[in-house]
Asks: 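Here you go, one structure.
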Amino acid sequence: MTQTALKTFAFTLSTLLCISLAACAQCREPAVAGRFYPGDPSALTRLINDLTRQAGDTRLRLPDTGRLRALIIPHAGYVFSGFTAAHASLALDDRQLKKIILMGPDHHAGFDGCAVSDADAYRTPLGNVKLHKDAARLRRQSASFSTPPPVSVSREHAIEVILPFLQVWGKDAPIVPLITGNIQPQIIADHLPPLLSEQTLLIASSDLSHYLPYQTAIQRDKETIEMILDLAPQKILNSSNRACGKIPITVLILLARQYNWKPVFLHYTNSGDTAGMRDKVVGYTVIAFYGGLNMTKKYTKKQGKALVALATKTIFERLGMEASDPEIDVDHEKDLQAKRGVFVTLTMNGELRGCIGSLTPDEAIITGVRRNAINAAFHDPRFPALTKEEAKQMEVEVSILTEPQPMAYKDSKDLLEKLCPDIDGVIIRKGLARATFLPQVWEQLPTREEFLSHLCNKAGLPGNAWEQPGLEVLTYQVQYFKSSD
């Protein structure tokens with residue numbers, strides 16, 4: 001080989017090595033391969049396939065309608081949580097995913113905000129998982145999203161542990177990896193809707209309680225799972241040792257409430273069931289969320305305040321009293337011309353004083369507010385007409401409804417499982433009997449059985465009519481505003 005050829009070869013080899021090293025530098029290297037899961041690709045693939053086959057023996061009842069939108073999956077070592085984690089495969093459909101938004105908690109660094117990797121890919125023993133361009137977009141859009149601290153890059157496992165499962169299951173789409181530090185979940189939830197599509201899957205990586213005795217852990221984890229299924233974010237946030245990933249889980253709950261996703265429990269174990277001692281265990285669950293992407297229109301606080309003022313003014317004018325005008329021109333506010341079901345509720349000292357509304361979107365919101373304000377004040381058959389003195393003391397509440405949707409259910413047990421307390425307004429119909437409760441009624445009747453029994457009584461039916469066949473059930477959701485807000 002000539003001197004020139006040798007120089008050319010050396011330059012080419014050096015260039016290739018530099019390119020290779022640069023490419024490696026842009027990959028987030030695995031932190032727990034060989035510890036939390038096998039580092040050998042063949043052993044790792046074999047283990048995940050075995051866990052998936054075992055999970056396949058579990059009988060599940062998945063929803064007939066609505067697509068899978070999100071999952072909660074544990075992130076402990078596979079020997080402990082792998083069997084439960086594998087149950088996520090049972091919810092996956094054959095859809096081609098183009099993006100996976102994967103949220104996990106910070107275990108090591110302690111930082112404010114939400115960390116979004118600036119690497120090109122996450123590396124696992126099974127290969128590289130590319131980052132989606134939306135990761136960089138989030139960092140550009142808000143100071144709440146920034147690159148992770150070095151210790152998160154080198155040690156954090158919450159995202160990494162999920163990826164081999166997705167790779168083996170053929171769901172290794174580009175990811176948006178979010179490590180949540182000290183941040184309000186609503187901030188993250190507000191930034192995610194523009195990133196969602198029919199080819200997007202959301203995953204919250206989280207274990208449940210940590211290091212409690214076996215029976216204590218089971219009871220606490222059962223409560224936590226019920227909180228998730230009830231879509232009750234504050235209960236999770238305001239208590240300790242329920243889930244290390246309580247912020248990612250809460251983000252999912254906030255989005256589920258926004259899009260009307262239905263949570264479905266898939267599996268639970270703890271480390272005492274799998275490979276650990278029972279004096280101090282860690283809990284694991286998989287929960288799926290099903291539904292659509294048609295987000296309910298959200299009205300602003302200013303618009304809601306204007307609607308409450310409109311209802312109050314309408315009642316006052318009927319009584320010959322003076323009242324303040326709404327701060328915005330409701331007759332020319334385009335959003336308030338939309339046709340929606342509307343309820344107006346009047347209370348005094350916390351007690352109901354009148355409630356009338358329309359369930360179907362047959363008229364403009366402002367028309368419904370005016371009409372139902374009059375009806376609630378003067379034509380509710382349960383109460384005498386409102387007086388001037390009462391009008392001065394009343395609290396006014398305006399509820400804007402989504403369109404009611406029929407609920408398909410097999411039996412009373414299935415009906416109880418499908419209802420979402422604090423979220424669902426419920427309509428029941430049987431023959432000529434019918435009645436509804438707004439979602440706010442869950443505050444007084446918090447259990448599903450109580451809620452349905454009182455609703456049946458309201459319709460003139462026996463309290464146990466919901467346990468009998470032939471009852472038609474519809475659900476809806478509301479956004480409501482109070483004069484005291």
Asks: How would you list, by chain and number, every residue that makes a side chain to side chain donor-acceptor pair (under 3.5 Å) with S197, sequence neighbours excluded?
Replies: T200

Asks: Side chains of Q303 and E333: donor-acceptor distance under 3.5 Å anywhere?
Replies: yes

Asks: With rounding to the nearest 0.5 Å, note down the distance linking NZ in K222 to CZ in F265.
Replies: 10.5 Å

Asks: Given 3.5 Å as the limit, does a donor-acceptor pair link the side chain of R382 with the main chain of C355, or not?
Replies: yes

Asks: Could you check whether any side-chain N or O of T285 sits under 3.5 Å from a backbone N or O of H267, counting only pairs where one atom can act as donor and the other as acceptor?
Replies: yes

Asks: State the CG-NE2 distance between D134 and H191, to the nearest 0.5 angstrom.
Replies: 12.5 Å

Asks: Could you go through the ring pair (Phe, Tyr, Trp, His ring centres under 6.0 Å) check for F165 and Y78 one step at a time?
Replies: CA-CA 10 Å; F165 280 104; Y78 287 11; 4.6 Å; yes

Asks: Is there a donor in the side chain of T52 and an acceptor in the side chain of W169, or the other way round, less than 3.5 Å apart?
Replies: yes

Asks: Do any N or O atoms from the side chain of Q337 and from the backbone of D331 form a donor-acceptor pair under 3.5 angstrom?
Replies: yes

Asks: Nearest 0.5 Å, what's the CG-CD1 distance between L266 and I72?
Replies: 10.0 Å

Asks: Can you list the residues that meet the salt bridge (charged side-chain N to carboxylate O under 4.0 Å, His left out) rule with R220, with sequence neighbours excluded?
Replies: none

Asks: Only counting residues at least two apart or in another chain, list the ones meeting salt bridge (charged side-chain N to carboxylate O under 4.0 Å, His left out) with E467.
Replies: none

Asks: Distance check, rounded to the nearest 0.5 Å: I287 atom CD1 versus L252 atom CG?
Replies: 10.0 Å

Asks: Side chain to side chain contact (heavy atoms under 4.5 Å, CB included) with A158: which residues, sequence neighbours excluded?
Replies: H75, P105, H107, E156, S205

Asks: Could you list the residues that satisfy ring-ring contact (aromatic ring centres under 6.0 Å, His included) with H454, not counting sequence neighbours?
Replies: none

Asks: As a quick check of understanding, evaluate side chain to side chain donor-acceptor pair (under 3.5 Å) for T58 and H87, giving each step before the final call.
Replies: CA-CA 8 Å; T58 302; H87 283 74; 2.7 Å; yes

Asks: Going by atom types only, do T269 and T84 share a side-chain donor-acceptor pair under 3.5 Å?
Replies: yes

Asks: Heavy atoms only: give me the nearest A91-L68 pair and the separation to one decimal.
Replies: O-CD2, 3.5 Å

Asks: For F437, check ring-ring contact (aromatic ring centres under 6.0 Å, His included) against everything at least two apart and list the hits.
Replies: F451

Asks: Assess, by modelled atom type and distance only, whether the side chains of E397 and Q440 contain a donor and an acceptor separated by less than 3.5 Å.
Replies: yes

Asks: Is a donor on one side and an acceptor on the other found under 3.5 Å between the side chain of R370 and the backbone of A311?
Replies: no

Asks: Checking salt bridge (Lys or Arg N to Asp or Glu O under 4.0 Å) against E198, which of K99, K98, R95, R69 comes through?
Replies: R69

Asks: For K235, give me all partners under side chain to side chain contact (heavy atoms under 4.5 Å, CB included), at least two apart in sequence or on another chain.
Replies: M227, A232

Asks: Name all pairs fulfilling the side chain to side chain donor-acceptor pair (under 3.5 Å) condition that reach into residues 310-321, sequence neighbours left out, sorted by first residue then second.
Replies: K313-E317, K313-D325

Asks: Any donor-acceptor pair under 3.5 Å linking the side-chain atoms of Y476 with those of T436?
Replies: yes

Asks: Ignoring hydrogens and angles, write down the donor-acceptor pairs under 3.5 Å from the side chains of residues 172-189, residues two or more places apart or on other chains.
Replies:
from : atom 1 : to   : atom 2 : distance (Å)
T180 : OG1    : G104 : O      : 3.4
N182 : ND2    : D112 : OD1    : 3.2
Q186 : NE2    : D190 : OD1    : 2.7

Asks: Determine whether more than 12 heavy atoms belonging to other residues, nucleotides or ligands lie under 6.0 Å from atom CG of D329.
Replies: yes

Asks: Tell me every residue that passes salt bridge (charged side-chain N to carboxylate O under 4.0 Å, His left out) with E390, counting only those two or more places apart in sequence or in another chain.
Replies: R353

Asks: For the CG atom of L452 and the CG atom of N464, what is their distance to the nearest 0.5 Å?
Replies: 11.5 Å

Asks: Here's a test for you: under side chain to side chain donor-acceptor pair (under 3.5 Å), which of T216, N241, D221 qualifies with S209?
Replies: D221

Asks: Within the supplied structure, the quantity of interest is the number of heavy atoms (other residues, nucleotides, ligands) at a distance under 6.0 Å from K305 NZ; does it exceed 12?
Replies: no

Asks: As an exercise, state the distance from CG of L196 to OH of Y259, rounded to the nearest 0.5 Å.
Replies: 4.5 Å

Asks: For E472, enumerate each residue passing the salt bridge (charged side-chain N to carboxylate O under 4.0 Å, His left out) test, keeping only those at least two apart in sequence or located in another chain.
Replies: R429

Asks: List the residues meeting side chain to side chain donor-acceptor pair (under 3.5 Å) with T345, not counting sequence neighbours, and say none if there are none.
Replies: none

